[in-house]
Amino acid sequence: MAIIIQHNQTHSLIELMMVEERGDERNNNNKLVFGVNGERFEVSLSGGTVDPSTTLLQFLRYQTRFKSVKLGCGEGGCGACVVLLSKYDPVLDRVEDFTVSSCLTLLCSVNGCSITTTEGLGSSKAGFHPIHQRFAGFHASQCGFCTPGMCVSLFSALVNAEKTHRPEPPQGFSKLTVSEAEKAIAGNLCRCTGYRPIVDACKSFAADVDMEDLGFNSFWRKGETKQVMVSRLPPYKRQFEICTFPEFLKKENSSAMPLDLKRNCLHSPVSVQELQSLLECNDSNKQTSNKLVVGNTGMGYYKEVEHYDRYIDIRHIPELSMIRRDQTGIVIGATVTISKAIEALNEDNGGDFHSQGVMVFKKIADHMEKIATGFIRNSASIGGNLVMAQKKHFPSDISTILLAVGAMVHIITGHKYEKLMLEEFLERPPLDSRSVLLSIEIPCWYPGRNLTCETKTVLLFETYRAAPRPLGNALPHLNASFLAEVSPCNTSDGIKINNCQLAFGAFGTKHAIRARKVEEFLIGKVLSFSVLYEATKLVRATVVPEDRTPNPAYRSSLAVGYLFEFFGSLTGKRAQISSDCLNGHNDSFLFNDLNIEKNQDKFDETKLPPLISSAKQVVELSREYYPVGEPITKAGAAIQASGEAVFVDDIPSPVNCLYGSFIYSTKPLAWIKGIEFNSKSLPSGVTALLSYKDIPECGENIGSKFMFGTEPLFADELTRCAGQLVALVVADTQKNADRAADVAVVNYDMGNLELPILSVEEAIERSSLFEVPPFLYPNQIGDISKGMDEADHKIISAEMKTTAWWFTVQFSALSMHNATIARCLGIPEHNVRVITRRVGGGFGGKAMKAMPVATACALAAYKLHRPVRMYVNRKTDMIMAGGRHPMKITYSVGYNSNGKITALQLEILIDAGLSPDISPLMPGNMLGALKKYDWGALSFDIKVCKTNLPSRSAMRAPGEVQGSFIAEAVIEHVASTLSMEVDTVRNINFHTYNTLNMFYENSAGESMEYTLPSIWDKLAMSSCLNQRIRTVKEFNRFNLWQKRGISRVPIVYKVSLIQTPGKVSILSDGSVVVEVGGIELGQGLWTKVKQMVAFTLSSIHCVGSGDLLEKIRVVQSDTLSLIQGGMTAGSTTSESSCDAVRLCCNTLVERLTLLKERLLEQMGSINWETLILQAHLQAVNLSASTFYVPDFTSMNYLNYGAAVSEVEVNLLTGETTILQADIMYDCGQSLNPAVDLGQIEGAFVQGIGFFMLEEYPTNSDGLVISEGTWTYKIPTMDTIPKQFNVEILNSGHHQKRVLSSKASGEPPLLLAVSVHCATRAAIKEARKQLLSWSGLDKSNSTFHLEVPATMRVVKELCGLDSVERYLEWRMGRQTC
C-alpha cells in the first residue's frame, strides 16, 4: 500500500545535493530497462519525459502492441489487467514470479523486471498455449474481455507450482493442486460465464483432479474413459514451459541499480539515512508533496487526484525490506509485501517457536489470505496497510489481527527512533511528514507467556471477518481477533480465563481497538452463560460505530456474535481440555457427558468444501441439422484467451488524437452557474471544455434516443438529476482528461426552484409520470371483484420494494448510434458510420447508455477537427448508468384454505428516472414474468414515474426479474399465513394449458410446447428434492447457529423475435463472409450464425459442402453496410439473425443449384471450391442480403425452466452459502448446447447478484455512492453454488421456431429467485428458533425479505440480538 506524506522541507540544501550526488553515482544512464513477453524495452527517463505516476498498464496499452491487459476498474478489483511480474535475484540465481495489477503498478517500479501477458504464452500464429486451448474448449470465455487476466493468473499458479518439491505429476498435468487451481483466479471477476467452466479449465491442469468432475467441454463426450479424456486434453508439456525471465535481462540485472531520477521527481533511497535526508531537505519557498511508494496499491482505494512533487520508492532500503526470526517472534519490514509476510508466517520454524505460537502465526497468515486478492497482496506492503489505517482510517484487517497478539511497531522520526505497541501507534495523531514506519514485530505466543500459574494453560487464538466474499476481495463489515489463555478451574467446574486480548476493527471507527473493559471483566472469571451475557453487553457498549457509518446495529451485532463464537463452546459445560487440543489450525476441546442438545452449541459442525465441490451438466445432442446443434467452441474463444481479440479500446489511436472525460452533476435540481478548475491541480494538455453551448446551431442537444423519446447529451442551464452529464473535458491523454474532470468544480444555484422529486411517492403527489402507450400496456385478466369475493382469506395492501443494480464490463458503441450522432450534429446519417466488432459483456446496459459516449466524442471531433476517443472510468460509468428500475409494490391477494389463489391486485410504481429510455416497456415485461402462476383474476395499476434521478435502463431481463420476484413474494406470503409448505402452494397455482392460454394469449403455442409441468416433476426427481427436504429439516433440528433452506421455483418467460438484416457473400476461393445486424457480446451470436450458414449452404450437396464451418467468417457490424440493424436485445437476436442468414443462404443455394446440375452433367462430381470458382466465372451473383421480419402470429413465445436451490445461513453473521443449485431449462432444440449452457449458468449467477449481493445505494441527492469494485460486489467464484447442476431439456420440435430452438440469454436469470426463496426458508427456521427462546408462539413468522438479501438483511431478520436471547434462554433453563 502507498504511504502518502506531505511536509515542509526544513533541512539544508547541502544535504539535498549530497543525496543527489549519491543518486547520480547509482544511475548515470537514466534509462528504464525491462522485458515484455521476451522483448527488451528501454525507456529513456532523461529530461523528465516520463511522469512517475505512469502505470504499467498505461505503458502497455498505449506504448506497445500488447493490448490484452484491460482497464476494467482502475482499482485493482477486477483482475482484467493482471500480468505476471518476474524478478531475478543474481545472488541466489533465482527468478521470482508473481501476478500484479498493472493498473496500479508504477512503470518505474519494473526496472530490471520481466512482464508476461497472455500474448506471451501463445497466439494463433505461434500456436496457442494449453491454457488458451482449455479455456476455449471448456467454454470458459464468453465476451472475452476479462479472459486474458484469468489466463495469466492461472499461468502464474502453474509456474509457481513447478517450483515446489512435490512428486512428478502424471503426463499432461502440472504440480498444481485442485485447491490452488481454483484459488488461482479467485480475484478475477467475470460477468458472463458464472465461473464454473473457468474453474474447470483451471482444474484440468491439476495433478489431483478427478476427470469425472470436469464439466461439459469440446474435448470428450460423456461416458468416455479417463484415459481417453486425458489423451484428448491439449497437452501441457511442463518441460517446454515459457521462460518468464529472458537471459538478456539477467546479464543487465547483474549491474543494475535502483532508479534515482531527480528530473523525473523519482527517488530511490537505499538507506534509512538517505530517506531521512530526502524527507528533511529544505525548500523555504514552497511546500513539497512526497509520495512514498512500495506497490502503489493504495491508489486503488484513495484515488490519486492531486499531483505529487516527488515519488520516493522505498523498496530498496534493507531495514524496511528484511524479515527476521528468533525465539521471541518475527520482525517484518514495512515494505515487505503481504504475500511475503504470509510466507514468513507459514514458514517451517525448525523448532524455534512453541507449537501454539506457530498456530498463532498460521492463523494470522490464514486471515491475511483473505485480504484483497493475490495480485494485490503480491505488491501491497504490510507497512503501507498499517500506515493507511493510522493516517487515513483505512478499514484494515492487518491492524486488527496484529492488535490482539500484542504486535509492536518500529518508527523513526528524524533521528528519533521509537518502539511502540501497535495500539499506541494507532491511537496517535497521524504520522507527521518526517515519520517512517520501519518494521512490525509480532511476538511468539505460548501458554502462560504473560503469567505464572500452576494449572495447565491452553492458548486460544482466532480471527474473524464478515465480508460479502469469503475468499476476500471485499472490505469487511467488521473484523476481529481474539487471543485467550484458559485453563480448567481448580475450585469449580468450568474453564477459567487467565488472560485475553480482544481486538475489533473496520466497524466504522477511526482504527481498530482493544476492548479493554471486556478484557478486564473476563480475566479471572470462570466462563458461564451469565458471564458471557454480561460480556456481550460490554461489547455492545464498546463497539459503537461513528455517526453516519452504514448499518451500525449490524456491525455491533457481529462483534457480539464473534465473541460468542470464540467463547461459546467453552461455556456451561463440565470441560476437560485435551493435551493435544491445538493441532495446527483447529482448537478442539474434548468434553465429558456430551449429548445432542449440548452438541448443538458447537460451531462449524459441518465443514463446507472450499469452492466448487462438483457440477453436472446434462445435454442432449442432436445431429439433425448438423452442424447446427453441435456444441462447438464459441467463435473467437481462443483469440480472446490469447489477447488477440480486438475490442473498441484496443484499436490504435489515430495520429493527433484527443481524449475525453465527462463532468457530471452532483445535484438533483439546480441552476448551473459555471465550471471552474483548480489551476494548481489542472494537468497540462487540456484542450477544450464542451457543453450544450457547443452543439451546432443546426443540431440538437441529444445524447440518446429510443422509441419513447430522447435524452439530452448535456444539461443546459438547469441540471435535472445528480449524475447528469454537464460537460466534456478534452485533453491530450485519457489520464489528463480524467484528472481535469476530477478537479472540475461545478457551481450551482438552487434559487427559485421546486424541490427535486427523489421518490416515486413524490412523483405521484406531483403527477410526474411518463405515458405508457396503450398498445404496450398489458390487459387485465378475469374479474378481480369476483375473485376476491370467492376467496376464503385475504391479504390487503401488503408492500414491498425492489432496488437498482448495475455493473457491466466495457463501454462501446452500438449500431443505433448513427441516427443520434447525426441529429446532435445536424448532419445527414450517411455522414456518420458506426462500426462495432465486439463488445465486452453488455447484458442490455450498453444499448442506451453507450450512446452519449459516442455522441460526445463525435461532437468533440466535429468541433475540434481532430479524432477524439474516450474510455469511461468505472466511477463515472456507475454514476451515469442509472441501474435497474426501483419499484414500490402494493398488493392485495385473495386465496382459499387449500392455497389456491383466486385474485391478485397490484399497484406498482416504477422509478424511471429523468428520461423515458426503455421504461414504458416495463409494465409488459413485468407482467410477462409475473403471470407464470394462475392467479385466478389479475388486476394491476402500473405507473411509470418521472423523477430527478438518473434514467433507468435495460439490464438483463429488465422488468421480468422484478415480476418473478413479486410472484414468489406473493406465493411465500400466502403459504406463510396458511402455515403451508411453499412448494405445495406453488403446485396448486400452476397453470393448466387452458389458463396458460388465457394469461398468455397469442404466446402459449401448442399444448405440447407447455413443458413446465414435466420440467417441474423431472427436476424433483433429478435433484432428489424430497430426500433433501428431509435432510434440511434434520440439519435444522440439530444445529443452532446454522440453518438451511431449500426451494424449488418455476419460470415462464415471454420473448419476441426481432426484425434484423443479414448478408451472406461467397468469395472466389469458397470462403464465406457474413454480416448480421446483431452485435457479438459474448452470447455466441457469431457462433450460431456460422453454424446456420454452414448447415444451409450444405444443402447444395457437393463434395466438401458438409465441412464449411471453418470457411465462414462473421465480420463486424457497419451501420452503412447493413442498415436497420436495430438493437441486440431481448434474447432472440441470435435466433433472428440465424433466420436472416438462412434466408440469404437459401437464395444462394437456389442460384448455385442450377449451375451445379449443369456441371455435374459435364464432370460427374464437383467439389465446393470448383463450384464456387465456376460460379464466379459465369457471373452468378454470390452475395445475398435480406431483412428478416418475423411472422406476427408466431413472433412471441414462452420459455420454461425451474430450479432447486439449497442454502445455509450463518445466524451469527448473516452470511449465506449456496450449497447446491439444480437447474432444468427448456432450450427447444438448442442451436449450440455449449453456448446455451454458458448462457444459463451465467444468467443464473448474475441473478444471484441481483437477489443476494448487489446494492446500489445513493446519497440524499440521489447520487450513486457505490461507484466501483470496492463497494459494489458482483458474484465471484466463492459465492456461486458449491454444487452446480444444469440440464438442458431438448423438448423436441417447435415448428414455428428457428430449427425448433428457443432463447437462453435472459430467462435463466429469473431462476436465481430460488436462492432468495431458499434463504427465506432458512431465515424462517431461525426466527422460529428465536421465538422459542423467548417462549413466544412460533407458528406465524411472516416477514418480508428484501432484495438484495445481503448479510445485513439476513442477520437483521435472524435477530440482531439472537446471541443475547439465546444466553437469556440458557440462563433461564439453569435456574429452573
Side-chain angles (χ1 to χ4, degrees), residues 32 43-64 67 71 74 102-108 261-266 286 288-289 291 296 299 303-311 648-664 674-691 693-694 714 725-746 811 853-877:
L32 178 67
V43 180
S44 174
L45 300 176
S46 59
T49 55
V50 174
D51 184 341
S53 67
T54 301
T55 64
L56 177 59
L57 178 136
Q58 289 165 346
F59 178 81
L60 290 173
R61 290 197 59 79
Y62 299 126
Q63 304 296 327
T64 78
K67 308 289 187 182
L71 178 56
S102 65
C103 73
L104 300 178
T105 302
L106 295 179
L107 176 64
C108 291
L261 306 166
K262 309 303 176 298
R263 293 181 182 179
N264 292 69
C265 305
L266 175 68
K286 64 175 183 178
T288 300
S289 60
K291 180 173 183 178
N296 198 46
M299 193 184 77
K303 305 300 185 292
E304 188 172 302
V305 176
E306 60 186 303
H307 172 75
Y308 292 93
D309 298 308
R310 294 192 305 191
Y311 284 71
V648 171
D649 197 51
D650 299 333
I651 299 169
S653 297
V655 176
N656 212 25
C657 186
L658 296 173
Y659 298 80
S661 186
F662 284 126
I663 298 172
Y664 51 82
I675 301 173
E676 297 178 355
F677 292 95
N678 183 333
S679 58
K680 182 180 179 181
S681 302
L682 185 66
S684 60
V686 174
T687 304
L689 178 68
L690 305 180
S691 67
K693 298 176 182 178
D694 295 285
F714 297 122
L725 302 181
V726 172
L728 180 77
V729 180
V730 183
D732 58 343
T733 67
Q734 188 67 61
K735 182 178 181 178
N736 284 337
D738 288 338
R739 278 186 169 178
D742 285 337
V743 300
V745 177
V746 181
F811 260 100
V853 181
T855 306
C857 285
L859 174 64
Y862 185 86
K863 180 84 174 178
L864 302 174
H865 305 287
R866 290 173 65 179
V868 178
R869 67 188 299 163
M870 172 166 37
Y871 197 106
V872 181
N873 63 58
R874 175 55 60 196
K875 178 180 179 180
T876 305
D877 175 14

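We count residues from 1, following the sequence as given. Every heavy atom of this structure was used, including side-chain atoms; hydrogens, water molecules and symmetry mates were not.
Considering all non-hydrogen atoms of both residues, Ala737 and Ser661 come closest at O-CB, 3.4 Å. For the pair Asp309 and Ser289, the tightest heavy-atom approach, listed with the atom from each and the gap, is OD2-N, 2.8 Å. Taking each heavy atom of Ala740 and Leu682 in turn, the nearest pair found is CB-CD1, 3.9 Å. For Arg869 against Asp650, the heavy-atom pair with the smallest separation is NH2-N, 4.5 Å.
Not counting sequence neighbours, the partners of Ala744 by the side-chain contact (heavy atoms from CB on, under 4.5 Å) test are Ile663, Ile675, Phe677. Lys875 pairs by the side-chain contact (heavy atoms from CB on, under 4.5 Å) definition with Tyr664, Asn873, Ile879, Glu1267, not counting sequence neighbours. Listed by chain and residue number, Pro683, Ala731, Asp732, Thr733 satisfy the side-chain contact (heavy atoms from CB on, under 4.5 Å) test with Asn736 (two or more places apart in sequence, or in another chain).
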Does the pair Tyr871 and Val648 meet the rule for a side chain to side chain contact (heavy atoms under 4.5 Å, CB included), with working shown? CA-CA 10 Å; Tyr871 197 106; Val648 171; over 6 Å; no

CA sep, side-chain torsions, deciding dist, call: Leu728, Phe662, side chain to side chain contact (heavy atoms under 4.5 Å, CB included): CA-CA 5 Å; Leu728 180 77; Phe662 284 126; 3.9 Å; yes

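We find the CG-OH distance between Leu266 and Tyr308 to be 15.0 Å, quoted to the nearest 0.5 Å. A distance of 9.0 Å separates CG of Leu859 from OG of Ser691, quoted to the nearest 0.5 Å. Considering SG of Cys103 and CE of Met299, their distance stands at 6.5 Å, rounded to 0.5 Å. One distance of note links CG of Leu107 with CD of Gln63; it measures 9.0 Å at 0.5 Å rounding. To the nearest 0.5 angstrom, Thr54 atom OG1 is 11.5 Å from Tyr62 atom OH. For the atom pair Ser102 OG and Leu56 CG, the distance stands at 5.0 Å (nearest 0.5 Å).
Taking 4.5 Å as the limit, some side-chain heavy atom of Val730 sits within range of a side-chain heavy atom of Leu864. Here the side chains of Asp694 and Phe714 are not in contact, with every heavy-atom distance at 4.5 Å or above.
Of the candidates Arg61, Lys67, Met870, Gln734, Asp649 forms a side-chain contact (heavy atoms from CB on, under 4.5 Å) with just one, namely Arg61.
The closest donor-acceptor contact from the side chain of Asn296 to the backbone of Thr105 lies at 3.5 Å or more, if one exists at all. Formation of a donor-acceptor pair under 3.5 Å by the Thr55 side chain with backbone atoms of Leu104 is not found in this model.
A side-chain N or O of Ser653 and one of Tyr659 form a donor-acceptor pair less than 3.5 Å apart. In this structure, a donor-acceptor pair under 3.5 Å is present between the side chains of Ser53 and Lys735.
Taking the charged nitrogens against the carboxylate oxygens, Asp742 and Arg739 have no contact shorter than 4.0 Å, which rules out a salt bridge.
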